[in-house]
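Each remark here refers to the structure printed beneath this line.
Ligands are counted one by one from 1 in listed order, and the atoms in each one are counted from 1 as well.
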Amino acid sequence: MVEEEKDGEAQAQEETTNLVVPWMRAPVDVSHVDSCSLQTLPSLHPRLKEALEKMGISSLFPVQVAVWHETIGPGGFERDVCVNSPTGSGKTLSYALPIVQTLSSRAVRCLRALVVLPTRDLALQVKGVFDAIAPSVGLSVGSAVGQSSIAGDIAQLIKTPKLDAGICYDPEDISQNLESSAVDILVATPGRLMDHINNTKGFTLEHLRYLVVDETDRLLRESYQEWLPTVLKLTQASDDGLFPSSTPFVPSAFGSLQTIRRQSVERGFKGKPYPRLAKLALSATLTQDPSKLIQLDLHHPLFMTTGATRYRLPEKLECLRLICETGVKPVYLVGLLKALEGEKCIVFTSSVETTRRLCKLLNFFGDSMIKAKEYSGGLNQAVRSKEIKAFRKGDIKVLISSDALARGMDVELVTNVINYDMPQYPKTFIHRAGRTARAGRDGRCFTLLGDHEVRRFSSLLKKVGNASCPIYPIPPDLFAPVRAIYEPALAKLKESVEPIAPKRGRQVGFKHNSRTTNSQTKRNKATSEQA
Ligand SMILES: Nc1ncnc2c1ncn2[C@@H]1O[C@H](COP(=O)(O)OP(=O)(O)OP(=O)(O)O)[C@@H](O)[C@H]1O
């Protein structure tokens, strides 16, 4: 299974699209915004300040300051906000903080903010950020992600109030109206969100005020059961001015409430439901494709980006390349990993299959060489969670991964990213490389290349705005011993791996060069990260 960022056709189409929507032509340039200490940040709730300090945060990053100024204070959240900001620049807190601050004054608990992410692990990571700040102002956060128990979700999300003794209730009203949300903020993946929309009694988006579409370009690439049009429809005003799911009788004694969205006649809002659903869309590689952006139904959108170029790598990222002899790429990888011994490294391959084999092969080099673990969409969730936990703790130093880990994942102290397989698309390079050099830290991104890939890689580097990518020389004293044990390790791999039905022109195992991988990539136009 291939987990590349997107298929070539769509990527190529986007690369050549010169149609930039008018509101993207006059962006707020975040590179002109300064960080701001929590002391001087206007209007910050004192309890949120305390919570941030507990997280070790003393100032906000530029993108966070820019979004804060747009969303907090008079006129806040009047416009939808689209953010294109480098990996590791702090986009999660840039939306989490203003949403939590704004909801801190809410009187009744109901679901008001929905954050959607493409994968389970990402959603849980973002929930962790909300969990660190929202309870300080009395807000509750829930998650609805794939591969967790639906019953558990429901218990967490839906509150069924206790009825006062002695009052006579209509059973129908009780069953229909008295269940309400136990959370103010929900972090979800699209598939599980649709499960709740379609099947969970009492789950409603009636009161939703904020919708965050994180990793926007990834989420807009697939329809994921039409989650976005469904959410937008469920938050529209109906013809009679009332929200469609509102029922005429809701006994206020139980704390239920209705949000009435009317067709507004105010300037700038004419014909739109009010109160309005405010939207935030974010990515390090935000799409500029009008046919994708239109799906968001943005209101008077404000575009925030960093610098003049479309893509931008983290400031302290150093890019390096290794030119590998054909047929012995794993030797270069092991030599490089030996040179980086003790540091946390993520090694990216282009498919689940290569991830599995490469991980096995590295472990066949023997304990004195490299201990590596695997992370890919081919593993079950429990194993993936276990490996990522061990990697976060530092018990594992080398993680071999497919692109399932390329987007958004924030693992502390990853100092090196290694592209074992050269990424095919600029977006893939940006997201993979962005697993290091986060939050202003240093990091290195190495790319292993065959001779025939050098030119294509140079053109890719130009597209990501990086001209300099010197060759990294592996110290010869590290290289020679690795080479000596390569053949026995490869033989062990061949014994252990089940033979794959041979396809014409396809080489099995690691007697391949990157051309083989590329042809596999083209054959397997499969999906990737699981929703
Ligand atoms: N103001 C801050 N001060 C210090 N650290 C911060 C601050 N804001 C965020 N961070 C840290 O920076 C790291 C990157 O943040 P985050 O994951 O939000 O980046 P991102 O822009 O969403 O990246 P990606 O595009 O890869 O998803 C996290 O470890 C986070 O805890």
Check: Is the closest basic N to carboxylate O distance between D403 and R432 below 4.0 Å?
Finding: yes
Next item on the list: Just jot down the ligand 1 atoms closer than 4.0 angstrom to any heavy atom of T92, in number order.
Entry: 16 (P), 17 (O), 18 (O), 22 (O)
Notebook entry, point to check: In the protein, which heavy atom is nearest to atom 31 (O) of ligand 1, and how far is it?
Noted result: D410 OD2, 4.4 Å
Check: Is there any N or O on S89 that sits under 3.5 Å from an N or O of ligand 1?
Finding: yes
Notebook entry, point to check: Please state which protein non-hydrogen atom is closest to atom 12 (O) of ligand 1 and give its distance, to 0.1 Å?
Noted result: A439 CB, 3.2 Å
Notebook entry, point to check: Any idea which of M55, R438, Q64 brings a heavy atom closest to atom 9 (C) of ligand 1?
Noted result: Q64
Checklist line | E341/K338 ion pair, N-O < 4.0 Å | finding: yes
Notebook entry, point to check: Looking at T349, T428, T447, which one forms a side chain to side chain donor-acceptor pair (under 3.5 Å) with N419?
Noted result: T447
Next item on the list: Would you confirm whether the ring centroid of F77 sits within less than 6.0 angstrom of the ring centroid of Y210?
Entry: yes
Next item on the list: Give the residue and atom name of whichever protein heavy atom lies nearest to atom 21 (O) of ligand 1, and the separation in Å to one decimal.
Entry: K91 NZ, 2.8 Å
Margin query: Tell me the protein heavy atom at minimum distance from atom 27 (O) of ligand 1, and give that distance in Å.
Written below: G408 CA, 3.3 Å
Margin query: Show me which atoms of ligand 1 lie under 4.0 Å from any heavy atom of L60.
Written below: 1 (N)
Check: Heavy-atom count around I294 CD1 within 6.0 Å, excluding the residue itself: above 12?
Finding: no
Next item on the list: Answer side chain, backbone, both or neither: which part of R435 comes under 4.0 Å from ligand 1, heavy atoms only.
Entry: side chain
Check: Between G90 and ligand 1, is there a nitrogen or oxygen pair with a distance under 3.5 Å?
Finding: yes
Check: Does some side-chain heavy atom of M409 sit less than 4.5 Å from a side-chain heavy atom of D121?
Finding: yes
Notebook entry, point to check: Hey, does P86 sit under 4.0 Å from ligand 1 if you only count heavy atoms?
Noted result: yes
Next item on the list: Heavy-atom distances under 4.0 Å are what count here, so tell me which part of M409 touches ligand 1: side chain, backbone, both or neither.
Entry: neither
Margin query: Check whether F391 forms a cation-pi arrangement with K373 (NZ or CZ under 6.0 Å from the six-membered ring centre, at most 45° off the ring normal).
Written below: no
Next item on the list: Show which atoms of ligand 1 fall inside a sub-4.0 Å distance from at least one heavy-atom site of E215.
Entry: 27 (O)
Item checked: Contacting atoms of ligand 1, where contact means under 4.0 angstrom from a heavy atom of S59 -> 1 (N), 2 (C), 3 (N)
Item checked: Member of R392, K393, K397 meeting the salt bridge (charged side-chain N to carboxylate O under 4.0 Å, His left out) criterion with D395 -> K393
Check: Looking only at atom types and distance, does a side-chain atom of K49 sit under 3.5 Å from a main-chain N or O of L44, one as donor and one as acceptor?
Finding: no
Item checked: Under-4.0 Å salt bridge between D297 and K233 -> no
Item checked: Identity and separation of the nearest protein heavy atom to atom 4 (C) of ligand 1 -> F61 CZ, 3.5 Å
Check: How far is atom 23 (O) of ligand 1 from its nearest protein heavy atom, and which residue and atom is that?
Finding: G88 N, 2.8 Å
